[in-house]
Structure formats: structure tokens, C-alpha cells
There are 2 protein chains.
Amino acid sequence: MGKLLDALKALSDETRLRILNLLYEKELCVCDIMETLQISQAKASRHLIYLKNAELLKDRKHAQWVYYSLAIDERIKFIDSLVYDNLRGLELYQNDLQNLKDWLKRKTIKCD
Amino acid sequence: MGKLLDALKALSDETRLRILNLLYEKELCVCDIMETLQISQAKASRHLIYLKNAELLKDRKHAQWVYYSLAIDERIKFIDSLVYDNLRGLELYQNDLQNLKDWLKRKTIKCD
DNA sequence: TTTTCATAATCGCTTAAACGAATATAAGTA
DNA sequence: TACTTATATTCGTTTAAGCGATTATGAAAA
């Protein structure tokens with residue numbers, strides 16, 4: 001399948017949009033996604049892998065954690081417009097960003 | 001479901017992307033789509049209706065024909081970027097536009 | 001080396017959606 | 001009124017993908 005079509009299929013699911021929105025802020029590990037979106041580990045992992053297979057994300061293993069970050073090249077830059085002009089105007093995605101902030105604060109205290 | 005998500009699901013299919021690309025040129029009836037993309041009538045109709053339900057298209061009935069055209073509002077303007085910056089760089093979609101031109105020329109001679 | 005922790009993969013199930021083929025509808029024409 | 005034409009809908013089948021629950025893997029810590 002074409003890269004563009006892969007990307008669009010990857011974007012046609014709300015959980016994956018929410019994940020993408022978070023990763024536009026910063027690189028995150030699976031547990032950050034789980035905690036922020038309040039979804040199960042299996043669900044977070046599955047959707048992250050789906051996004052990675054669509055070449056929207058890349059991953060990096062460090063110790064027992066896997067960190068995911070954006071890997072969006074010029075051929076699909078419409079996604080920037082999608083996130084900044086459309087997603088972020090919606091309450092759900094704004095709330096997710098706030099929850100991410102809160103989680104990272106709590107996490108810093110607890111862990112590394 | 002949210003309007004944005006509906007739009008993205010509608011965009012996650014190659015036939016519908018090809019249809020959208022054509023309609024960025026001008027309003028077309030179902031038979032224009034069939035001829036240009038060389039797809040069955042049922043397939044053209046189904047996908048047009050899917051796009052209409054996602055509120056990306058509107059239709060207008062005139063005599064026995066149904067004309068479809070874009071209905072893309074500000075809340076999903078990333079689609080402009082998708083079509084102009086991404087789709088139209090791909091050979092398939094360029095060829096479709098050429099086929100549309102050819103078909104409309106033939107059609108004018110034959111019909112109205 | 002056992003245990004724990006983070007992540008990925010598998011299983012069984014359910015639903016959405018794609019397809020071709022065939023049929024229905026509704027308007028125009030003979 | 002028949003007949004044709006344009007479009008929509010239905011049917012039966014197939015495939016993709018979502019989910020929760022569970023198990024596997026692999027690195028870190030005890």
C-alpha cells in the first residue's frame with residue numbers, strides 16, 4: 001500500500017489521533033501514553049505499533065522502556081495542519097495535553 | 001462520532017481519495033467518476049455516499065443525474081494541504097486528472 | 001538466579017467495511 | 001403506457017481491525 005494511504009489509515013482512529021497529539025509535544029514511553037490517556041497497556045502498545053508500521057513514529061529502546069517519537073517527513077506534512085489547526089481546537093485533545101503535563105509532573109517526583 | 005474522525009475515516013480509502021481529487025477540479029456526476037476512474041457504478045455510488053455522509057461532499061439532483069461537489073469547511077481545511085501538497089504529487093492522481101479531462105472532452109461531443 | 005517490570009504478541013470474539021452481482025427506484029423518452 | 005438511463009440499495013461473502021484477557025519476552029533489580 002502507498003505510504004500516504006498507510007498514514008491516512010493510521011489517522012482514522014481516535015486513540016491513535018490522541019497518541020499523535022501527545023507525541024507532538026515530546027517523545028514518550030508506552031507507560032506515559034497509558035497513564036495520560038487512561039488506556040490499557042495492550043491497547044497503547046498495539047496502537048503505537050500501528051503508527052510505527054505506518055511510518056508516522058519511530059521508536060528507541062532504553063533499558064526496559066521503549067520511547068516513541070514522531071517520524072513525519074515532508075511527504076505527509078498535512079499532518080501538521082491536522083494537528084495544529086484541527087485536533088488542538090477540540091476539547092478532548094486539549095484535556096489530553098493537560099493530563100500529560102500533570103502525569104509528567106507526578107512521574108518526575110516518583111521516578112527518574 | 002466526531003466530524004473530524006468521520007472525515008479521516010472517509011479519507012482512508014484509495015478510491016475515495018481519487019474521487020476527492022477529481023472533485024477538487026469541479027462538480028461531477030456519478031457517471032463522470034465511473035468513466036474517469038474506470039470503476040463500477042455501484043462502487044462509485046457507494047463511495048460518493050460515504051463521502052457525503054462524512055460531510056465532505058454535497059449533492060444536487062438535476063433530471064436523472066446526481067452531481068457531487070466539495071463541502072469542506074474550515075474545521076477540516078487540512079484536506080486542502082493533503083490534496084495539493086501530497087495527493088497531487090503522486091502519479092496515480094495526476095493520471096486521474098488527465099483521464100478526467102479526456103473524458104469530459106469526449107462527453108461534450110457525445111452528450112450535452 | 002529468581003523476581004519484577006515494561007512492552008509485545010497471541011487468542012477468541014465482534015464489528016466495520018470492501019467487493020461483485022443483482023435488483024430497486026425514479027426520472028426522461030418513445 | 002412501455003422503455004431506457006442514472007443512481008441507489010440489497011445480498012452474500014470476505015477481509016481488516018478493534019477489543020479485553022492472557023501469555024511471552026527481555027532487561028533490571030533483588
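The chains referred to below are lettered A, B, ... by the order of the sequence lines, with proteins before strands, and numbering in each begins at 1. Everything numeric here is computed off the predicted structure, so don't read it as measured data. Scope of the values below: all heavy atoms of this structure, side chains included, with no hydrogens, waters or symmetry mates.
Nucleic acid contact class of A:Ile49 (heavy atoms, under 4.0 Å, all strands): sugar-phosphate only. Within 4.0 Å of B:Ala44, counting heavy atoms only, lies no atom of the nucleic acid at all. As judged by a 4.0 angstrom heavy-atom cut-off over every strand, A:Lys43 is placed among residues touching the sugar-phosphate backbone only.
No side-chain donor-acceptor contact under 3.5 Å links B:Thr36 and B:Asp32.
Side-chain proximity of B:Asp13 to D:dT7, C:dA18, D:dG18: nearest is C:dA18. Of the candidate nucleotides C:dA8, C:dA21, D:dA8, C:dA21 has the atom lying nearest to any side-chain atom of B:Arg46. With D:dT10, D:dT7, C:dA6 as the choices, the nucleotide that has an atom nearest any side-chain atom of B:Val30 turns out to be D:dT7. When distances are taken from the side chain of A:Gln64 to each of C:dA6, C:dA17, C:dG28, the shortest belongs to C:dA6. The side chain of B:Ser45 lies closest to D:dT7 when the candidates are D:dT7, C:dT7, C:dA8. For A:Trp65, counting side-chain heavy atoms from C-beta on, the closest listed nucleotide (C:dA6, C:dA8, C:dA21) is C:dA6. Candidate nucleotides C:dT7, D:dA17, D:dA8 were compared by shortest atom distance to the side chain of A:Tyr50, and D:dA17 ranks first. Ranking D:dT7, C:dA17, C:dA8 by closeness to the B:Cys29 side chain, first place goes to D:dT7.
Look at CD1 on A:Ile39: it is 16 Å from P on C:dA6, rounded to the nearest Å. At whole-Å resolution of the value, NZ in B:Lys9 and P in D:dA16 are 16 Å apart. Regarding A:Leu28, its CG atom lies at a distance of 16 Å from the P atom of C:dA6, rounded to whole Å. Taking atom CG of A:Asn53 as the reference point, atom P of D:dG18 lies 12 Å away to the nearest angstrom. Rounded to whole Å, the distance from CG on A:Asp59 to P on C:dA8 is 7 Å. A straight line from CD of A:Gln38 to C1' of D:dG20 spans 17 Å, rounded to a whole angstrom. Between B:Leu37 atom CG and C:dC19 atom P the separation is 12 Å, expressed in whole Å. Rounding to whole angstrom units, CG of residue B:Asp32 and C1' of D:dT5 are separated by 15 Å.
Ring orientation note: the planes of A:Tyr24 and A:Tyr84 are nearly perpendicular, at an angle over 60° on the 30°/60° scale.
Using a 4.5 Å heavy-atom threshold, the side chains of B:Asp96 and B:Leu100 count as separate. Residues B:Leu82 and A:Leu8 have side chains in contact (heavy-atom distance under 4.5 Å, counting atoms from C-beta outward). Contact annotation: the side chain of A:Lys9 approaches that of A:Tyr50 to within less than 4.5 Å [non-hydrogen atoms, C-beta and beyond].
Under a 4.0 Å N-O distance rule, the pair B:Lys107/B:Glu35 does not qualify as a salt bridge.
Counting atom types as modelled, B:Gln41 pairs a side-chain N or O with a base atom of D:dA8 as donor and acceptor under 3.5 Å.
For the OP1/OP2 pair of C:dA8 and a distance below 4.0 Å, the side-chain nitrogens and oxygens of A:Tyr68 include at least one atom meeting the criterion.
Residues A:Thr15 and A:His62 both approach DNA chain D. Their nearest nucleotides, taken by heavy-atom distance, put A:Thr15 toward the 5′ side. Mapping A:Ser40 and A:Ala63 onto DNA chain D via the closest heavy atom, the residue that lands nearer the 5' end is A:Ser40.
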